[in-house]
Engineer: 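After the structure tokens below, expect a handful of questions from me.
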Protein chains: 2
Amino acid sequence: MAENDKQTEEKIFESATEVFVEKGMDGARMQDIANHAGINKALLHYYYRTKDHLFNAVFEKIAKKMFAKFAPVFDANLTLEDKIRFFYKEHITFLQNNPRLPAFLLNEINRNPARIRKLIQNIDIENLWRMLEEQHKDELNKYNITRESIPQLMSSIAALSVFPFAARGILEGILEKLGISFDDYMEERKEFAADFVIRAIKK
Amino acid sequence: MAENDKQTEEKIFESATEVFVEKGMDGARMQDIANHAGINKALLHYYYRTKDHLFNAVFEKIAKKMFAKFAPVFDANLTLEDKIRFFYKEHITFLQNNPRLPAFLLNEINRNPARIRKLIQNIDIENLWRMLEEQHKDELNKYNITRESIPQLMSSIAALSVFPFAARGILEGILEKLGISFDDYMEERKEFAADFVIRAIKK
DNA sequence: TTTATTTTTGACCAGTTGGTTAAACTATAT
DNA sequence: ATATAGTTTAACCAACTGGTCAAAAATAAA
């Protein structure tokens with residue numbers, strides 16, 4: 001019964017995602033995932049042979065979902081500054097809805113760097129730079145952006161939105177003492193980060 | 001024999017640090033730590049009653065070491081811009097020598113946010129702001145820094161140096177395709193991050 | 001040397017974990 | 001209805017894990 005199949009398999013996948021994201025690969029228990037899905041533990045192994053298989057399926061989906069959020073920026077028909085503003089609005093909103101993803105991904109990537117390599121291989125940065133150069137060739141001379149500085153710039157842009165979520169546990173503690181909620185801080189950040197980057201790259 | 005005591009206890013602590021940082025609390029095995037220290041597993045429990053005790057000791061020491069690196073910036077007798085340059089030089093050099101610390105700390109903080117709260121409570125941010133205001137009262141009007149934007153600014157500054165290490169697994173993969181080594185990227189970053197921040201805060 | 005104290009060890013244990021298996025159940029096809 | 005194939009379960013297992021304990025070894029005190 002393909003219908004029920006999908007239901008069960010999906011239920012397993014969703015439960016696994018929740019448990020893995022919260023506890024990490026090492027901390028997650030197959031029994032937890034089974035309970036969470038309301039099924040027998042053996043059924044997990046029926047659909048996904050091992051814990052590793054299940055984890056890899058979950059990890060790959062999440063990683064792709066995360067990377068996909070960076071893509072739209074490059075084909076949007078906007079000025080460079082508006083692209084930056086657009087990116088932070090979109091990306092931070094996405095992370096607000098999936099606040100545990102950064103910490104999960106960073107941790108698992110660190111635990112097994114090889115796993116992410118396959119996904120990275122599909123990214124063509126040279127081409128990315130060419131697109132950027134073409135789309136903004138007339139306004140690019142107003143900014144401190146060169147082909148050489150792209151890695152530094154890109155990682156800085158990502159850092160400003162990803163880091164606060166990855167470091168939420170500390171940040172929340174500090175903000176609390178100042179009477180600021182993490183949500184307010186993050187909402188404010190959409191604009192702050194964009195302004196920050198724009199000023200930093202302006203000649 | 002207090003002499004030998006210290007030796008053994010220290011050897012355990014160092015081994016535990018290495019294993020915990022590499023594998024995390026969940027991934028670390030007491031047997032691994034014992035092997036690493038060249039002693040019997042029961043001896044771990046003799047000095048540190050449980051895995052939790054041992055982990056907490058390790059975690060607290062590392063967290064304090066990490067936070068301590070932020071402090072010198074506030075009492076150095078330098079202009080604001082030089083303080084920023086000084087910070088990145090010092091902080092990134094420290095992380096170059098302890099490249100796994102960011103991922104470890106972020107992960108464990110995320111796994112148990114309560115643990116870090118105690119350490120944060122000692123930080124007086126209001127006082128920090130007062131110091132900054134006093135030390136740089138004549139040059140502060142040249143920058144876009146207000147009491148309200150301090151959390152956004154501070155977290156941004158930290159993000160630029162910490163994030164690349166936390167995301168090393170991804171970053172290294174991307175840099176590799178461009179023929180850049182992580183070490184070169186990180187060395188370059190000491191200056192890039194400082195310039196980036198300084199331009200971003202300048203009026 | 002003898003005694004008392006501390007440090008270190010090997011053997012062991014109970015609980016947990018990922019994974020297996022044979023049987024029961026369900027749905028589809030003949 | 002009955003055989004067939006796919007789905008789900010309860011019971012089970014071997015390996016592993018943190019932790020214990022009594023005895024041995026090493027050190028200090030008498």
Side-chain angles (χ1 to χ4, degrees), chain A residues 1-62 104 107-108 110-112 114-115, chain B residues 1-62 104 107-108 110-112 114-115:
Chain A
M1 197 220 237
E3 186 65 20
N4 209 335
D5 243 38
K6 262 277 151 57
Q7 273 181 15
T8 308
E9 196 169 346
E10 233 164 69
K11 205 164 53 184
I12 290 175
F13 190 85
E14 281 166 26
S15 299
T17 301
E18 275 190 57
V19 175
F20 275 133
V21 167
E22 197 187 333
K23 308 261 188 172
M25 164 67 171
D26 287 333
R29 299 287 158 243
M30 293 297 266
Q31 190 61 58
D32 275 3
I33 296 171
N35 292 344
H36 203 282
I39 54 153
N40 190 285
K41 180 168 65 99
L43 205 51
L44 294 182
H45 294 282
Y46 179 75
Y47 284 99
Y48 300 85
R49 215 162 330 166
T50 64
K51 188 186 183 184
D52 258 315
H53 278 72
L54 181 52
F55 178 81
N56 283 335
V58 168
F59 178 83
E60 194 165 320
K61 176 126 182 211
I62 289 180
F104 168 75
N107 179 40
E108 296 301 336
N110 188 264
R111 211 177 54 85
N112 183 356
R115 196 174 5 231
Chain B
M1 198 223 235
E3 187 66 21
N4 211 334
D5 244 36
K6 261 278 152 53
Q7 271 180 13
T8 308
E9 195 168 347
E10 234 164 69
K11 206 164 49 183
I12 290 175
F13 190 86
E14 280 166 26
S15 300
T17 301
E18 275 190 56
V19 176
F20 276 133
V21 167
E22 198 187 333
K23 308 260 188 175
M25 163 69 170
D26 287 334
R29 300 284 159 246
M30 293 298 267
Q31 188 61 59
D32 276 3
I33 296 171
N35 291 345
H36 203 282
I39 54 152
N40 189 285
K41 183 167 64 98
L43 205 53
L44 294 182
H45 291 94
Y46 178 75
Y47 283 100
Y48 300 85
R49 215 162 330 166
T50 64
K51 189 185 182 185
D52 260 314
H53 278 72
L54 181 51
F55 178 81
N56 284 334
V58 168
F59 178 84
E60 193 165 322
K61 177 128 183 210
I62 289 180
F104 168 76
N107 179 40
E108 296 301 338
N110 188 265
R111 210 177 56 82
N112 185 354
R115 196 175 1 233

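Just so you know, these numbers use all the heavy atoms, side chains as well, and skip hydrogens, waters and symmetry mates.
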Engineer: Are any of the side-chain nitrogens in B/Glu108 or B/Arg111 under 4.0 Å away from the carboxylate oxygens of its partner?
Structural biologist: yes
Engineer: Between A/Leu43 (CG) and D/dG6 (C1'), how many Å, whole number?
Structural biologist: 11 Å
Engineer: Measure from NE2 on A/His53 to P on C/dG18 and round the result to the nearest Å.
Structural biologist: 16 Å
Engineer: Under 4.0 Å between any heavy atoms, over every strand shown, what does B/Ile39 touch: base, sugar-phosphate, or nothing? Just pick one.
Structural biologist: sugar-phosphate
Engineer: Between B/Phe20 and B/Phe55, is the ring centroid distance below 6.0 Å?
Structural biologist: yes
Engineer: Do the rings of A/Tyr48 and A/Phe13 sit parallel, tilted or perpendicular, given the 30° and 60° boundaries?
Structural biologist: tilted
Engineer: Considering the options B/Ile62, B/Ile33, B/Ile12, which one meets the side chain to side chain contact (heavy atoms under 4.5 Å, CB included) requirement together with B/Thr17?
Structural biologist: B/Ile62
Engineer: Between B/Asn35 and B/Gln31, do the side chains contain an N or O donor and an N or O acceptor separated by less than 3.5 Å?
Structural biologist: yes
Engineer: Any chance you could list the contact pattern along nucleotides 11-25 of chain D? Use B for base contacts, S for sugar-phosphate-only contacts and - for none, protein heavy atoms under 4.0 Å, 5' to 3'.
Structural biologist: ------SBBBB----
Engineer: Check whether any side-chain N or O of B/Thr8 sits under 4.0 Å from OP1 or OP2 of C/dT8, and answer yes or no.
Structural biologist: yes
Engineer: To the nearest angstrom, how far is A/Ile33 atom CD1 from C/dT16 atom P?
Structural biologist: 18 Å
Engineer: What's the verdict on side-chain contact (heavy atoms from CB on, under 4.5 Å) for A/Asp52 and A/Met25, showing C-alpha distance, side-chain angles and the deciding distance?
Structural biologist: CA-CA 9 Å; A/Asp52 258 315; A/Met25 164 67 171; 3.6 Å; yes
Engineer: Does a side-chain N or O from A/Tyr47 land closer than 4.0 Å to OP1 or OP2 of D/dT8, or not?
Structural biologist: yes
Engineer: What is the separation between atom OH on A/Tyr46 and atom P on D/dG6, rounded to the nearest whole Å?
Structural biologist: 7 Å
